[in-house]
Amino acid sequence: RQPFLINGTRLTVSVSIGVAPRRPETTDPAELLRSADFAMYMAKGGGKDRYQTFDAQIHDNLTARSALQNDLALAVTAGQLHLDYQPVADLRTGEILGVEALLRWQHPTLGLLAPADFLDLAEETGDITAIGAWVLDTATRQAAGWRQSMGHCAGLWVSVNLSPVQLATLACLHGILTDPANQPEHVVLEITETALSADPDAGITALTALKDFGVRIAIDDFGRGLSSLSTLASLPIDILKIDPYFVSGRAPTAPSTPMLEAILGLADKLCLTVIAEGIETPQQLHLLQNLGCPLGQGFLLARPVPAQAMHTLL
Ligand code: C2E
Ligand code: MG
Ligand code: MG
């Protein structure tokens, strides 16, 4: 640990050590060395100048993650992704005005995976760009088909969630949004306020470019992210989606009703439409109806379902 001088330069050496205990079942010396090596990289990753004992759990998690990463790269071309659709309804009449496309991955061995199981990974690896383009293309085509085949659905819009990573790679969406068959005027793109908070200026630029295609923009999970009111006022947006946190009445510091009233008032002043998310009980629905919330989404109205079931519902 004592620093030393070489040619007048002061150097300090630190050591990272990986420790792998030999268990009775360990028969292969190479495996023991691999475990120790893995632990040593954990020690380095943990800040260096330390020792780390091999943790089989962490090792298994990382191995599984890297396997999932390989599978994810092939998921689009292997046709393992599909979209469920959840209705967005007029809260006074119950009429379905739009649908939100929600991504699912039918993994060959792990079964059906929800976005929370793989979206982070897809963003990390960059696979989200191809996946997101597939989602937008599939959802817009599907909704255009419904509008065409069912006369009473002529105004149906489709909501597609965008990852913040996609805001930096808009060129990949260009072809889809300029295809007149996809009718961008019936497309809503959802982005969370957290996604915009990292770099609001870049967010405004990206959203403005998207709006030029004729789509509408919704802020997803509104009220729980980190965006400021000044940012909100400057964003080129059309819709606020109230986070289920306020709808469910679980907000501890602020009772939901005043918060819901405040959000509805804010949206009204900013000429934004409001969709309440996560409506699960008749009480929640009645409260929102009484407060004049125009649109809603939630398990009480309908759960997300595959395209065929959505077609029936429509
Ligand atoms: P989100 O956009 O806020 O979507 C709503 C989520 O809440 C969905 O979960 C939906 O199944 C769930 N939900 C709807 N109604 C209720 C309800 O009444 N109660 C409860 N407890 N939950 C309800 P899901 O499908 O697991 O999606 C989670 C998140 O993953 C989405 O949240 C969205 O942020 C993201 N996501 C989904 N699909 C995509 C996609 O294609 N691309 C990107 N980038 N993100 C996606
Ligand atoms: Mg959404
Ligand atoms: Mg949401």
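Numbers here simply count residues along the sequence, with the first being 1. Heavy atoms only: backbone and side chains are in, while hydrogens, waters and symmetry mates are out. Just follow the structure's listing: the first ligand is 1, and inside any ligand the first atom is 1.
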If you draw a 6.0 Å radius around CD in Glu25, do more than 12 non-hydrogen atoms from other residues or ligands fall strictly inside? yes

I'd like to know if the side chain of Arg147 reaches the main chain of Leu156, judged simply by a donor and an acceptor atom lying under 3.5 Å from each other, with no hydrogens or angles considered. yes

Query raised in the report: Judged by non-hydrogen atoms, does Arg104 sit under 4.0 Å from ligand 1?
Result: yes

message = Considering both backbone and side-chain atoms of Phe299, is one of its nitrogen or oxygen atoms within less than 3.5 Å of a nitrogen or oxygen in ligand 1?
response = yes

Under 4.0 Å from one or more heavy atoms of Ser163, ligand 1 contributes atoms 44 (N)

Requested in this report: Look only at the side chain of Asp221 and the backbone of Asp243, and say whether a donor-acceptor pair between them is shorter than 3.5 Å.
Outcome: no

Interatomic distance, CG@Leu173 vs OG1@Thr140, rounded to 0.5 Å, equals 10.0 Å

Quick look: Glu100 vs ligand 1, heavy-atom contacts under 4.0 Å, and the answer is side chain

Give a yes or no on whether the backbone of Leu91 and the side-chain of Gln289 come within a donor-acceptor separation of less than 3.5 Å. yes

Expected output: side-chain His152 to main-chain Leu314 donor-acceptor under 3.5 Å: yes

- prompt: Does the protein put a heavy atom less than 4.0 Å from atom 32 (O) of ligand 1?
  reply: no

Practice prompt. Answer yes or no: is there a side-chain heavy-atom contact under 4.5 Å between Tyr245 and Phe222?
Written response: no

| task | Flag atom 2 (O) of ligand 1 as yes if some protein heavy-atom distance to it falls below 4.0 Å, otherwise no. | result | yes

At a cut-off of 2.8 Å, protein N/O/S around the Mg ion (ligand 3) gives Asp220 OD1, Asp221 OD1, Glu277 OE1, Glu277 OE2

- Message: When you compare the side chains of Asn7 and Thr9, does any donor N or O come within less than 3.5 Å of an acceptor on the partner?
- Response: no

**Within-shell test, Ala116 vs ligand 1, heavy atom, strictly < 4.0 Å** = no

When distances are taken from atom 10 (C) of ligand 1, the protein heavy atom at minimum range is Leu102 CD1, 3.9 Å

Quiz item: How about His107 and Phe118: are their ring centres within less than 6.0 Å of each other?
Solution: no

Restricting to heavy atoms, the pick from Val160, Leu119, Leu103 nearest atom 46 (C) of ligand 1 would be Leu119

Looking only at non-hydrogen atoms, the one of Gln86, Arg303, Glu190 nearest atom 15 (N) of ligand 1 is Gln86

| request: Without swapping roles, check the side chain of Asp137 against the backbone of Trp134 for a donor-acceptor pair under 3.5 Å. | output: no

(Q) Is Gly278 close enough to touch ligand 1? Criterion: a residue heavy atom under 4.0 Å from a ligand atom. (A) yes

Exactly one of Lys241, Glu100, Glu190, Gln86 clears side-chain hydrogen bond (donor to acceptor under 3.5 Å, both in side chains) with Ser159, and that residue is Glu190

A student comparing Gln284, Gln166, Glu280 should find that the heavy atom closest to atom 20 (C) of ligand 1 comes from Glu280

(message) I'd like to check atom 6 (C) of ligand 1 in this structure: does the protein have a heavy atom lying under 4.0 Å from it?
(response) no

Heavy-atom closest pair (Leu196 atom, Gly203 atom, distance to 0.1 Å) is CD2-CA, 3.8 Å

- request: Indicate yes or no for a side-chain donor-acceptor contact from Thr26 to the backbone of Arg22 under 3.5 Å, with no hydrogens or angles considered.
  value: no

min-distance N/O/S atom, Glu100 vs the Mg ion (ligand 2), resolves to OE2

So the atoms of ligand 1 within less than 4.0 Å of a heavy atom of Asp221 turn out to be 3 (O)

A student checking ligand 1 against Pro304 at a 4.0 Å heavy-atom cut-off should list atoms 11 (O)

A student checking ligand 1 against Leu162 at a 4.0 Å heavy-atom cut-off should list atoms 44 (N)

Between the Mg ion (ligand 2) and Ser159, is there an N, O or S atom separated by less than 2.8 Å? no

Please check if the side chain of Gln148 supplies one atom and the backbone of Gly145 the other of a donor-acceptor pair under 3.5 Å.
-> no

In terms of its nearest heavy atom to atom 29 (C) of ligand 1, the top option of Ala114, Ala302, Pro115, Gly296 is Pro115

message: Looking at Arg303 and Asp84, is any side-chain nitrogen of the basic one under 4.0 Å from a carboxylate oxygen of the acidic one?
response: no

Among Leu113, Ile128, Asp84, Asn161, the residue with a heavy atom nearest to atom 39 (C) of ligand 1 is Asn161

**Item:** 4.5 Å side-chain heavy-atom contact, Leu266 and Leu232
**Value:** yes

